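Single-structure report; data block below.
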Amino acid sequence: MNNLKLEGEKHQERADELAEKVKELEQEILEKDHQIQALTRKNQVLEEQVEKLETDLEEIKHTADESHSLKTSNDNYTKKNQVLEEELEEADKNLKETTEKLRETDIKAEQLERKVASLESEKEEWERKYEELSEQYNAAKSELDEISQQLEAI
């Protein structure tokens, strides 16, 4: 009976550990979701920057067409255009890196979701085993009580 009691306590401890692990995994998922949101926002900002840079690039090209009279102005605009193209390339590179990180985060989130599902399944199995052991314990206790009453009756 003590073994059953100890085993029941062990199962309860294991169930508590698993519940804590599930909470930790849920927290990790929440953190990953926050990271995804941050990366998504960063991606939006980069896209806005790309649009702004493209707009700036168009404005510079238009200004260069109108400024044929001054070679110096044209040279300056050409330099500015080159810088903006470099910034655009850098922004595009950052966008690609951010997209890749987002994909990696999605993959990690999916893996964590599968892990949580697995742990929940394992938790349910442990709870089922605990219930079976509790039933066995109660049956044994009832039988012991009956035997004890019979012995007292003698």
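Just so it is clear, the structure is predicted and the values come from calculations on it, not from any experiment. For the numbers below, each heavy atom of this structure counts, side chains included, while hydrogens, waters and symmetry mates do not.
- Tested against Arg14 for a salt bridge (Lys or Arg N to Asp or Glu O under 4.0 Å), the candidates Glu127, Glu122, Glu125, Glu7 yield a single pass: Glu122.
- Using a 4.5 Å cut-off between side-chain heavy atoms of Ile, Leu, Val, Met, Phe, Trp and Tyr, with links allowed through other members, Val45 and Leu39 fall into different hydrophobic clusters.
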- prompt: How far apart are the C-alpha atoms of Lys80 and Asn76, what are their side-chain angles, what is the distance that settles it, and do they pass the side-chain contact (heavy atoms from CB on, under 4.5 Å) test?
  reply: CA-CA 6 Å; Lys80 189 173 183 180; Asn76 289 337; over 6 Å; no

- request: Starting from the C-alpha separation in whole Å, work towards a yes-or-no answer on side-chain contact (heavy atoms from CB on, under 4.5 Å) for Glu97 and Asn94.
  value: CA-CA 5 Å; Glu97 289 174 2; Asn94 289 339; 3.9 Å; yes

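- Rounding to the nearest 0.5 angstrom, the gap separating the CD atom in Glu87 from the NZ atom in Lys93 is 14.5 Å.
- A salt bridge does not link Glu132 with Lys129: every distance from a Lys NZ or Arg NE/NH1/NH2 to an Asp or Glu carboxylate oxygen is 4.0 Å or more.
- To the nearest 0.5 Å, the span separating CD on Glu58 from CG on Leu53 amounts to 12.0 Å.
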Stepwise side-chain contact (heavy atoms from CB on, under 4.5 Å) test for Val22 and Glu26: CA-CA 6 Å; Val22 166; Glu26 289 173 345; 3.6 Å; yes

message: side chain to side chain donor-acceptor pair (under 3.5 Å), that's the test. Do Gln37 and Asp33 meet it? Break it down for me.
response: CA-CA 6 Å; Gln37 291 173 355; Asp33 285 343; over 6 Å; no

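- In this structure, Ser134 contributes its side chain and Tyr130 its backbone to a donor-acceptor pair below 3.5 Å.
- Residue pairs meeting the side chain to side chain donor-acceptor pair (under 3.5 Å) criterion with at least one partner in residues 137-154, sequence neighbours excluded, do not occur; the list is empty.
- Put simply, NZ on Lys115 and CD1 on Ile29 are 10.5 Å apart, with the number rounded to the nearest 0.5 Å.
- When side chains are defined from C-beta on, Arg128 does not count as touching Glu124, because their heavy atoms never get closer than 4.5 Å.
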- request: Please test Lys79 against Asp75 for salt bridge (charged side-chain N to carboxylate O under 4.0 Å, His left out), starting from the C-alpha separation and ending with a verdict.
  value: CA-CA 6 Å; Lys79 288 178 184 178; Asp75 289 343; over 6 Å; no

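- Judged by the 6.0 Å distance and 45° axis criteria, Lys123 is not positioned over the aromatic ring of Trp126.
- Between the NZ atom in Lys52 and the CG atom in Asp56 there is a gap of 4.5 Å [rounded to 0.5 Å].
- For the atom pair CD of Glu120 and CG of Leu25, the computed distance is 9.5 Å after rounding to the nearest 0.5 Å.
- The hydrophobic clustering, which links ILVMFWY residues whose side-chain heavy atoms are closer than 4.5 Å, places Leu112 and Ile36 apart.
- Look at Lys108 and Glu104 and you find no salt bridge, because none of the NZ, NE, NH1 or NH2 atoms lies under 4.0 Å from a carboxylate O.
- Counting all heavy atoms, side chain and backbone alike, Leu57 lies closest to Leu84 at N-CD1, 4.1 Å.
- Of the inter-residue distances, the one linking Leu88 atom CG with Asn81 atom CG reads 10.0 Å to the nearest 0.5 angstrom.
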- request: Could you go through the side-chain contact (heavy atoms from CB on, under 4.5 Å) check for Gln111 and Arg114 one step at a time?
  value: CA-CA 5 Å; Gln111 290 172 348; Arg114 287 192 293 269; 3.3 Å; yes

